[in-house]
S.K.: 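Next up is a structure, given as structure tokens.
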Amino acid sequence: MDRNAHAPLRQRLLSWFILFLGGLYFFVPLIATIDFSLRARKGVLSALAYQRVLSDPRFASAFTFSLEMALLTVVVGVILVVPTAYWIRLRLPQLRPVVEFITLMPFVVPAIVLVFGLIRVFSRPPFLLTNSFTGTQILLVAGYVVLVLPYLYRAVDTGLQAIDIRTLTEAAQSLGAGWWVIITQIIFPNLRSAILSGAFLTITIVMGELTMASFLVGLKAFGPYMSQVGQNRAYEGAALAVISFALTWAFTMLFQFVGRRALGGDQAFGAR
Amino acid sequence: MQPSPELPSRRARSGTGWMVWIGVAPFFIFAALFMLLPSFSLLVGSFRDTQGHFTLDNIRSLFTPSILSAYSISIRISLATALGGGLFGFLLAYAVTLGGLPRWARDALLTFSGVASNFAGVPLAFAFVATLGRLGMVTVLLKTLGVDIYEIGFNLYSFWGLSLTYMYFQFPLMVLIIAPALEGLKREWREAAENLGASTWDYWRMVALPILTPSILGAIILLFGNAFGAYATALSLTGGLINLITILIGAQIMGDVLYNPGLGYALSFGMIVIMALNMAIYYVLRRRSERWLRR
């Protein structure tokens, strides 16, 4: 506050102007989309497009399918990341650069390339998975885990940093606890908010995801479903965009709320 | 940090040698199966013909005009949106952190940025069609004001239209990355500089910018990769009509263009090479600026 009071008037006006431009950029497309989604009935504003979307049985099934994939991604991601991050911190700190490099792979291999590689590897023996629906779902969840790995690993690792895992582990061991008890009853509960913030971010990313979903499971997932509806019916597409934005908003707020506590105000991308 | 005499006792309790590695085995098996193996198969595939012999033909086929132009458009869009988004994001972050705005403006901007940076793909494309498409709200509004933007050469489904759309997730990401760095600038540094007779310009040139350089470079490179790998937004917006490298790979996977199965591998390989170069530049630049900072 102190610093703000000292900023000269001209600078403050300029700041307001830049913020105004940013606000314009942010809100105009939203307003336009909401406006468009309400014009399905000619000449009047109506919620017709929303009624049509919500009464489409494929909407519910695609939505629940993607939500299931998101939750599976969270579960698999957490099971993979938490014990690994814990073990690296406790016993194998020399492996930390390797693991960090692996978690940053999605920044080098984009989703479209990864899904191409996954299809190539898993469409022939010895790892044939693309011939069954369960198999493609496994691939989809695996791909999503890779996509969210940078954020999830970082959230969990930062969470581990905040608790004294060495002392906790030794205390538990001296009371006779085995590794299973230590991980499930001591490490997991202490990482609750880090895991939760990772989960919200995962749901945000996975729910409308198109690239991997369209090549692996097609219209069963929410992203491809939205894409198809939008191609044929513009108003319903706009309504879906608004619904999707509301979801993104809700889960990002949850992520920021929990994440601020878990990561001490840090964002998913650290500045340093 | 820990006294070394404790180590043997702990080791004795939970096995020695290779036993320690079991703890990280699931993670490495997962990484090998779903990250390394797919990448490796693309690498091998791009140097192999249909009979499985070594060949450079796939790589050579990248150097045809249409594919080179796809790489070029992808790179230019990523550069334009990384630099544009980086600049605008920096200005926004500066405005709300050091520009004399009230605290709520900063909190609101960071929240909006968190939302917008995650808002991409299909719904983002729909939103921009509703805004700047031929019947979009802004297009129609400007038309009633006497400006037909499509008449004067704007097209949402072209390079600049796509760049404008990408900016919606690019500049918020910049805000998220750079705002904490700007807040990390200590007021004492500025006061010390001013006490030594530095002007605002001197302070920015010799103190603040060098400190911020690693963060800014890192952020811009991240934005570049973010746009370079984008597929869903471009596909939904243009219906696959824009010649981007990701769109080409998508078409290869769908089997639209079956005349050369090796081409998909080579396209992906080229993309990984560019992304890896991107990250390598980041590390070199950052190390250099850190070394410079230490002196």
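All chains are named by letter (A, B, ...) in the order of the sequence lines, taking the proteins before the strands, and each is independently numbered beginning at 1. Just so it is clear, the model here is predicted, and its values are computed rather than measured. Values below: every heavy atom of this structure, side chains too, minus hydrogens, waters and symmetry copies.
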S.K.: If the plane angle is over 60° it's perpendicular, under 30° parallel, otherwise tilted; pick one for B/Trp104 and A/Trp16.
M.R.: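 Geometry flag for A/Trp16 against B/Trp104: tilted rings.
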
S.K.: Distance check, rounded to the nearest 0.5 Å: B/Ser236 atom OG versus A/Gln231 atom CD?
M.R.: 8.0 Å

S.K.: Could you tell me whether the side chain of B/Asn226 reaches within less than 4.5 Å of the side chain of A/Phe107, counting heavy atoms only?
M.R.: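 Not touching, per the 4.5 Å side-chain cut-off.
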
S.K.: Considering all heavy atoms of both residues, which atom of B/Ala105 and which atom of A/Leu19 are nearest to each other, and what is their separation?
M.R.: CB-CD2, 3.8 Å

S.K.: Output the option from B/Leu235, B/Leu33, B/Leu109 having the highest count of non-hydrogen pairs under 4.5 Å with chain A.
M.R.: B/Leu33

S.K.: Please report the closest heavy-atom contact between B/Thr111 and A/Met253, naming both atoms and the distance.
M.R.: CG2-SD, 3.1 Å

S.K.: Highest number of heavy-atom pairs under 4.5 Å with chain A: which of B/Gly229, B/Gly184, B/Ala108, B/Ala130?
M.R.: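 Sorted descending by pairs with chain A, the first entry is B/Ala130.
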
S.K.: Measure the spacing between CE of A/Met226 and CZ of B/Phe126 and express it to the nearest 0.5 Å.
M.R.: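 A/Met226 atom CE to B/Phe126 atom CZ measures 7.5 Å (nearest 0.5 Å).
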
S.K.: Identify which part of A/Ile243 has an atom lying under 4.5 Å from any heavy atom of chain B, answering side chain, backbone, both or neither.
M.R.: neither

S.K.: Specify which of B/Gly225, B/Ala276, B/Gly250, B/Gly121 makes the most heavy-atom pairs with chain A at under 4.5 Å.
M.R.: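 The answer is B/Gly250.
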
S.K.: With a 4.5 angstrom heavy-atom cut-off, which part of A/Thr252 approaches chain B: side chain, backbone, both or neither?
M.R.: side chain

S.K.: If I take atom CD1 from residue B/Ile249 and atom CD1 from residue A/Ile112, how far apart are they, to the nearest 0.5 angstrom?
M.R.: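 Rounded to the nearest 0.5 Å, the CD1-CD1 separation comes to 6.5 Å.
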
S.K.: For the residue pair B/Leu36 and A/Met105, establish whether any side-chain heavy-atom pair is separated by less than 4.5 Å.
M.R.: yes

S.K.: Determine the minimum heavy-atom distance between B/Met35 and A/Pro106, stating which atoms define it.
M.R.: CE-CD, 4.3 Å

S.K.: I would like to know whether B/Leu267 and A/Val113 meet side chain to side chain contact (heavy atoms under 4.5 Å, CB included); could you show each step before the answer?
M.R.: CA-CA 9 Å; B/Leu267 287 169; A/Val113 173; over 6 Å; no

S.K.: Within the supplied structure, the quantity of interest is the number of heavy atoms (other residues, nucleotides, ligands) at a distance under 6.0 Å from A/Arg233 CZ; does it exceed 12?
M.R.: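 Count not over threshold, so no.
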
S.K.: Determine whether B/Thr246 and A/Pro110 make a side-chain contact, defined as any pair of heavy atoms from C-beta on separated by less than 4.5 Å.
M.R.: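 B/Thr246 vs A/Pro110: side chains apart.
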
S.K.: A/Ser37, A/Ser244, A/Gly117, A/Ser214: which one forms the most heavy-atom pairs within less than 4.5 Å of chain B?
M.R.: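 Top option by heavy-atom pairs under 4.5 Å: A/Gly117.
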
S.K.: Side chain, backbone, both or neither: which part of B/Ile272 has a non-hydrogen atom closer than 4.5 Å to chain A?
M.R.: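 Both backbone and side chain.
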
S.K.: From B/Leu91 CG over to A/Leu21 CG, what is the distance, rounded to the nearest 0.5 angstrom?
M.R.: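 It comes to 9.5 Å.
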
S.K.: With a 4.5 angstrom heavy-atom cut-off, which part of A/Leu14 approaches chain B: side chain, backbone, both or neither?
M.R.: neither

S.K.: Measure the CZ-CG distance between A/Arg39 and B/Leu135 for me, rounded to the nearest 0.5 Å.
M.R.: 12.0 Å

S.K.: Quick one: which of B/Leu277, B/Val138, B/Leu141, B/Leu164 has the most heavy-atom pairs under 4.5 Å with chain A, could you say?
M.R.: B/Leu164

S.K.: Which atom pair, heavy atoms only, marks the closest approach of A/Pro29 to B/Tyr168?
M.R.: CG-CE1, 3.9 Å

S.K.: Check whether A/Phe17 gets within reach of chain B through its side chain, its backbone, both or neither, counting any heavy atom under 4.5 Å.
M.R.: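 Neither part.
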
S.K.: At a heavy-atom separation under 4.5 Å, does A/Phe215 approach chain B through its side chain, its backbone, both, or neither?
M.R.: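 Side chain only.
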
S.K.: Sort out for me which residue in A/Leu118, A/Leu114, A/Val121, A/Val141 forms a side-chain contact (heavy atoms from CB on, under 4.5 Å) with B/Phe34.
M.R.: A/Leu118

S.K.: What part of B/Phe28 gets within 4.5 angstrom of chain A, counting heavy atoms only: side chain, backbone, both, or neither?
M.R.: side chain

S.K.: Is it the side chain or the backbone of A/Ile18 that comes within 4.5 Å of chain B heavy atoms, both, or neither?
M.R.: both

S.K.: Using the ring centroid of each side chain, check whether B/Phe112 and A/Phe27 are separated by less than 6.0 Å.
M.R.: yes

S.K.: Distance from A/Thr33 atom OG1 to B/Met137 atom CE, nearest 0.5 Å?
M.R.: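 Answer for the OG1-CE pair, A/Thr33 versus B/Met137, is 9.0 Å.
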
S.K.: Fit a plane to each ring of B/Phe119 and A/Phe245, take the angle between them on a 0 to 90° scale, and name the class: parallel (under 30°), tilted (30 to 60°) or perpendicular (over 60°).
M.R.: perpendicular

S.K.: Let's test your reading of the structure: which of B/Phe269, B/Phe40, B/Tyr94, B/Phe171 forms the most heavy-atom pairs below 4.5 Å with chain A?
M.R.: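 Answer, by heavy-atom pair count under 4.5 Å with chain A: B/Phe171.
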
S.K.: Quick check for you: among A/Val145, A/Val242, A/Ile205, A/Leu247, which has the greatest number of heavy-atom pairs under 4.5 Å with chain B?
M.R.: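 Between A/Val145, A/Val242, A/Ile205, A/Leu247, the count favours A/Val145.
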
S.K.: Can you say whether A/Ile31 sits under 4.5 Å from chain B via the side chain, the backbone, both, or neither, judging by heavy atoms?
M.R.: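 Both the backbone and the side chain of A/Ile31 come within 4.5 Å of chain B.
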
S.K.: Between chain B and each of A/Val115, A/Val99, A/Leu240, count heavy-atom pairs under 4.5 Å; write down the option with the most.
M.R.: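 Between A/Val115, A/Val99, A/Leu240, the count favours A/Val99.
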
S.K.: Is the shortest heavy-atom distance from the side chain of B/Val115 to the side chain of A/Thr204 under 4.5 Å?
M.R.: no

S.K.: Kindly indicate whether the side chain of A/Leu95, heavy atoms from C-beta on, has any atom under 4.5 Å from the side chain of B/Phe27.
M.R.: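 A side-chain contact is absent here, since even the closest heavy-atom pair is not under 4.5 Å.
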
